[in-house]
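In listed order, ligands and their atoms are each counted from 1. Hydrogens, waters and symmetry mates play no part in the numbers below; they use all other heavy atoms, side chains included.
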Amino acid sequence: MAIPNLPEEYDQLDQWTTLMMLYNSALKEVQTRVNILSDEFQHINHYNPIEHVKARIKTPESIVKKLKRLGFEATIDNMYRELHDIAGIRIVCSFTSDIYYLADAISRQNDVEVLMVKDYIANPKPNGYRSYHMVISVPIYLSSGQVEMKVEIQIRTIAMDFWASLEHKIQYKFEGAAPEHMRESLKECADMAAVLDERMLALNESLQREEKKV
Ligand code: GTP
Ligand code: MG
């Protein structure tokens, strides 16, 4: 199998189950790191930067579909090499500043390698989509070796998440071709959500300053 450093005894095991076990481990690893950062943040700043965290493994159907779309055969090697979102974790934060705080803290960890960053907050998509995307690779420590696994991390505010959920539902319903008036309305909502995030952040910063005075 294409996974570098995988111990020899894995040659005898089912490759699909091995890969799924490794992606599951990668999700647990990242979730724990995020939870620790959140606990520490709360300890220092007295508020929870994270609203909720969702982790998911891509379904076999959508793995095959994506490989096909990219022009690859559906093999275990191609899954490991070509796809970066088999393991995905979505972190929903309270404020925009929390997004960058978490992204930076994760990126700085010595054994984490940042493979890709797409900052759709600094550069929103034309439809209004905002979120911070990062693909990292983390080591999984096995009994007799260590392997690197990729995890896609999406970090967004509650407002961005609210918007993305509805936009996804609408695009799904219209199979990616939502009527013009709905797309326009979605774009307006995305911009309003961005203004809301800015104002909520400003209010929270004022609150934080007041709390530091006492
Ligand atoms: P995928 O093939 O969909 O994984 O896209 P990609 O590899 O080009 O990566 P990108 O970082 O642009 O998007 C990855 C994921 O972000 C998607 O699978 C969605 O979960 C989310 N996403 C990206 N763009 C949009 C959008 O316009 N609307 C919504 N609702 N979600 C989006
Ligand atoms: Mg994806």
Side-chain angles (χ1 to χ4, degrees), residues 19-20 22-24 26-27 30-31 34 50-93 96 98-100 102-104 106-107 112-138 148-197:
L19 201 62
M20 289 303 123
L22 292 172
Y23 279 120
N24 257 307
L27 279 182
V30 175
Q31 269 181 300
V34 169
I50 297 177
E51 200 60 34
H52 64 267
V53 177
K54 258 190 210 145
R56 69 103 182 89
I57 298 273
K58 217 175 174 69
T59 61
E61 299 76 52
S62 82
I63 289 173
V64 170
K65 216 165 116 189
K66 187 155 184 182
L67 279 174
K68 251 192 201 155
R69 176 158 65 82
L70 297 173
F72 296 105
E73 238 186 287
T75 64
I76 300 283
D77 285 2
N78 284 340
M79 281 172 63
Y80 179 77
R81 245 195 321 258
E82 309 297 341
L83 300 187
H84 55 242
D85 62 347
I86 294 183
I89 171 161
R90 182 174 292 153
I91 307 171
V92 176
C93 290
T96 320
D98 305 331
I99 297 175
Y100 291 103
L102 288 170
D104 288 346
I106 295 165
S107 308
V112 163
E113 195 184 343
V114 178
L115 303 174
M116 192 197 297
V117 170
K118 289 186 197 168
D119 186 347
Y120 293 125
I121 299 170
N123 306 295
K125 289 178 65 164
N127 63 1
Y129 179 77
R130 284 172 174 81
S131 257
Y132 189 94
H133 294 189
M134 190 159 75
V135 177
I136 63 166
S137 122
V138 277
E148 298 291 326
M149 299 302 296
K150 282 182 258 184
V151 177
E152 181 186 78
I153 305 178
Q154 299 180 354
I155 321 178
R156 47 171 78 149
T157 62
I158 305 168
M160 293 172 196
D161 190 52
F162 186 31
W163 183 91
S165 310
L166 183 61
E167 192 267 352
H168 179 77
K169 271 190 229 159
I170 291 175
Q171 290 300 356
Y172 187 83
K173 181 81 202 163
F174 292 96
E175 293 170 350
E180 180 67 18
H181 74 275
M182 286 183 101
R183 279 188 282 132
E184 271 170 22
S185 183
L186 276 168
K187 176 68 173 63
E188 281 171 24
C189 287
D191 295 341
M192 283 196 275
V195 172
L196 177 66
D197 273 337

Rounded distance (nearest 0.5 Å) linking atom CD of E113 with atom CD1 of I136: 10.5 Å

Side chain to side chain donor-acceptor pair (under 3.5 Å): pairs with one or both residues in residues 178-187, sequence neighbours excluded: E180-R183, K187-D191

Have a look around the Mg ion (ligand 2) and list protein N/O/S atoms under 2.8 Å, or say none. D85 OD2

State whether the side chain of K150 and the backbone N or O of Y23 hold a donor-acceptor pair below 3.5 Å, judged by distance alone. no

Can a donor-acceptor pair be found, under 3.5 Å and without considering hydrogens, that links the side chain of N78 to the backbone of E73? yes

Can you pull the residues with any heavy atom under 4.0 Å from ligand 1? K66, R69, H84, D85, R90, K118, Y120, K125, N127, Y129, H133, E152, Q154, A164, E167, H168

The criterion is side chain to side chain donor-acceptor pair (under 3.5 Å); which residues satisfy it with K58, sequence neighbours excluded? D85

To the nearest 0.5 angstrom, please state how far the CG atom of L166 sits from the NE2 atom of H168. 11.0 Å

Is it true that Q154 and S131 share a donor-acceptor pair across their side chains at a distance under 3.5 Å? no

Around atom CZ of F162, are there more than 12 heavy atoms from other residues, nucleotides or ligands closer than 6.0 Å? no

Member of I91, D161, I121 meeting the side-chain contact (heavy atoms from CB on, under 4.5 Å) criterion with R156: D161

